[in-house]
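Heads up: the structure comes next, in C-alpha cells.
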Amino acid sequence: METRTFVIDQGNTTTKVGIFSGNKIIENRRVARGGEEELIQSINQLGCRGGIVSSVREDNGQKLLDGLNASTLQMRRDLFMPFAIAYDTPETLGVDRLANVAGALQLCDTEDILIIDCGSCITTTTISNRTLIGGSISPGLNMRFAALDQFTGQLPLVAPSAEEIVPIGKTTVQSIQSGVQLGILAEIKEIIARHCSLNERLSVIITGGDASYFVPWLKSPIFAEPFLTLMGLHEIYLFQLNNS
C-alpha cells in the first residue's frame with residue numbers, strides 16, 4: 001500500500017482538498033469557509049505521511065498548519081519550483097498560478113502551454129520551454145455579478161446559469177446572466193484565438209471552479225482539468241522532498 005499525502009488549497013470562500021496515493025489523486029472534497037476544524041480532524045484520521053497547504057487567506061493557512069498532525073509544508077513563492085520563472089515581478093505571483101504551472105507540466109508533454117483558470121479571478125498563464133512567461137488577470141464570474149449589484153442602485157445580485165445563455169435576455173436576470181457569462185465566454189475565446197494564432201502547437205488547459213460554465217461552449221481543442229491546482233501543489237511538494 002502506497003503512502004498517502006494530502007494537498008489543501010484554501011481559497012477565499014472554499015477549501016479544496018486532495019488525497020494522493022503515489023502520484024494519483026484518490027479522493028477530493030470541497031469545504032465551505034468555516035469548516036476547517038472538521039477538515040483538520042478528517043485528515044488527521046487518515047494517517048497521511050505529510051502534505052502541503054496553500055492559502056490566500058489573511059493567516060496564510062496558519063490555522064490548518066497548526067492543527068494538522070502530519071509534517072506539513074506551507075506553499076510559498078520562495079520554494080524550489082520544477083520550472084523557471086521569467087516574470088518581471090515574481091514576488092507578486094499568486095501561489096495558485098505557480099501550482100497551475102507545475103500541474104500543467106505534468107499533464108502536457110508540449111513545450112508551450114496556456115492555462116486558463118476560472119476562479120475568483122480569471123487568470124491566464126503562459127508557459128514556454130518549462131518557463132512561466134506571464135499572463136493576464138481579470139474579474140471572475142461571481143465578482144462580476146457582485147459588482148453589478150454593489151455598484152448600481154437597482155440591479156439585483158444574480159446567480160450564474162448552468163444552461164446555455166441566450167444572447168437576448170427577456171428579463172433583468174437573464175440580461176445580467178447574458179452580459180456576464182457571454183462576456184466571459186467571448187473573453188476566453190479571444191484569448192485562446194490570439195495565443196493559438198501565435199503558436200499552432202500550443203496546448204490549452206482550462207481549470208477552476210467556474211470552468212464548467214464555459215467548457216461546453218468552447219470549440220477549440222482544450223484540456224479541462226478540474227484538479228490542476230491540486231495536482232500542481234502535489235508536484236511542488238514532491239519536488240521539495242526530492243531536492244531538500
Side-chain angles (χ1 to χ4, degrees), residues 5-18 20 23 25 28 30 50-62 64-65 68 71-140 191 195 202-211 222-244:
T5 53
F6 62 84
V7 171
I8 301 177
D9 177 23
Q10 188 177 51
N12 289 304
T13 57
T14 62
T15 298
K16 296 175 283 295
V17 183
F20 286 78
N23 288 319
I25 187 167
N28 73 89
R30 183 186 294 264
I52 184 171
V53 170
S54 176
S55 177
V56 298
R57 304 266 178 95
E58 296 80 4
D59 69 343
N60 293 319
Q62 194 60 50
L64 293 171
L65 292 165
L68 292 164
S71 174
T72 307
L73 177 69
Q74 183 182 38
M75 175 62 180
R76 307 185 311 273
R77 298 182 185 91
D78 61 351
L79 295 179
F80 292 112
M81 296 294 163
F83 52 86
I85 298 175
Y87 204 64
D88 288 346
T89 56
E91 71 280 0
T92 67
L93 276 168
V95 290
D96 53 341
R97 294 178 75 185
L98 295 173
N100 283 344
V101 171
L105 290 170
Q106 287 294 106
L107 189 63
C108 298
D109 57 5
T110 53
E111 290 188 351
D112 302 311
I113 307 170
L114 170 66
I115 305 166
I116 302 172
D117 190 340
C118 300
S120 298
C121 292
I122 296 173
T123 64
T124 69
T125 308
T126 302
I127 308 167
S128 181
N129 195 26
R130 297 192 67 86
T131 301
L132 190 165
I133 303 300
S136 64
I137 304 172
S138 68
I191 288 170
H195 280 76
L202 187 72
S203 294
V204 181
I205 303 174
I206 186 167
T207 191
D210 292 330
I222 61 171
F223 296 103
E225 179 47 72
F227 304 129
L228 185 67
T229 306
L230 295 178
M231 292 168 53
L233 287 169
H234 185 252
E235 179 63 21
I236 290 170
Y237 170 72
L238 295 180
F239 194 72
Q240 309 312 303
L241 294 183
N242 296 330
N243 291 275
S244 59

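Side chains included, hydrogens not; waters and symmetry mates left out as well; all remaining heavy atoms used.
Open room surrounds CG on Asp88; 12 or fewer heavy atoms of other groups in view lie less than 6.0 Å from it. By the 6.0 Å contact criterion, CG on Asp109 is open, its count of non-hydrogen atoms from other residues, nucleotides or ligands being 12 or less.
Arg76 places no side-chain N or O within donor-acceptor distance of the main-chain N or O of Val95, the cut-off being under 3.5 Å. Judged by distance alone, with hydrogens and angles left aside, the side-chain atoms of Gln74 form no donor-acceptor pair with the main-chain N or O of Val53 at under 3.5 Å. A donor-acceptor contact shorter than 3.5 Å links the side chain of Arg130 to the backbone of Pro82. Under a 3.5 Å cut-off, the side chain of His195 and the backbone N or O of Ile191 do form a donor-acceptor pair. Between the side chain of Thr110 and the main chain of Cys108, no donor-acceptor pair closer than 3.5 Å is present. A donor-acceptor contact shorter than 3.5 Å is absent between the side chain of Thr72 and the backbone of Leu65.
The heavy-atom pair separating Ala104 from Ile127 by the smallest distance is CB-CD1, 4.0 Å. Heavy atoms only, all atoms of each residue included: Ala102 and Phe83 are closest at N-CE2, 3.8 Å. Annotation for Ser55 and Gln10: closest pair OG-OE1, 2.7 Å, computed over non-hydrogen atoms. What you find for Cys121 and Ile137 is that their closest heavy atoms are CB-CG2, 4.1 Å. Nearest heavy-atom pair across Phe80 and Phe239 is O-CD2, 3.5 Å. Nearest heavy-atom pair across Gly103 and Leu228 is C-CD1, 3.5 Å.
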Kindly determine whether Arg97 and Thr125 satisfy side chain to side chain donor-acceptor pair (under 3.5 Å), including the steps that lead there. CA-CA 7 Å; Arg97 294 178 75 185; Thr125 308; 3.1 Å; yes
Take Thr92 and Tyr87 through the side-chain contact (heavy atoms from CB on, under 4.5 Å) test and state the conclusion after the steps. CA-CA 9 Å; Thr92 67; Tyr87 204 64; 3.8 Å; yes
Test Val7 against Met75 for side-chain contact (heavy atoms from CB on, under 4.5 Å), laying out the working first. CA-CA 10 Å; Val7 171; Met75 175 62 180; over 6 Å; no
Stepwise, does the side-chain contact (heavy atoms from CB on, under 4.5 Å) test hold for Leu73 with Leu79? CA-CA 10 Å; Leu73 177 69; Leu79 295 179; 4.0 Å; yes
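Remark: the Ser128 side chain and the Asp112 side chain contain an N/O donor-acceptor pair separated by less than 3.5 Å. Residues Thr207 and Asp117 bring no donor and acceptor atom of their side chains to less than 3.5 Å of each other.
To the nearest 0.5 Å, atom CD1 of residue Ile122 and atom CD1 of residue Ile116 are 9.0 Å apart. To the nearest 0.5 angstrom, Ile205 atom CD1 is 8.0 Å from Glu225 atom CD. Rounded to the nearest 0.5 Å, atoms CG (Leu93) and CD1 (Ile85) are 6.0 Å apart. In this structure, the separation between CE on Met231 and CD on Gln106 is 7.0 Å, given to the nearest 0.5 Å. Note that the OG1 atom of Thr5 and the CG atom of Asn23 stand 8.5 Å from one another [nearest 0.5 Å]. In this structure, Leu68 CG and Ile52 CD1 are separated by 12.5 Å, a value rounded to the nearest 0.5 Å.
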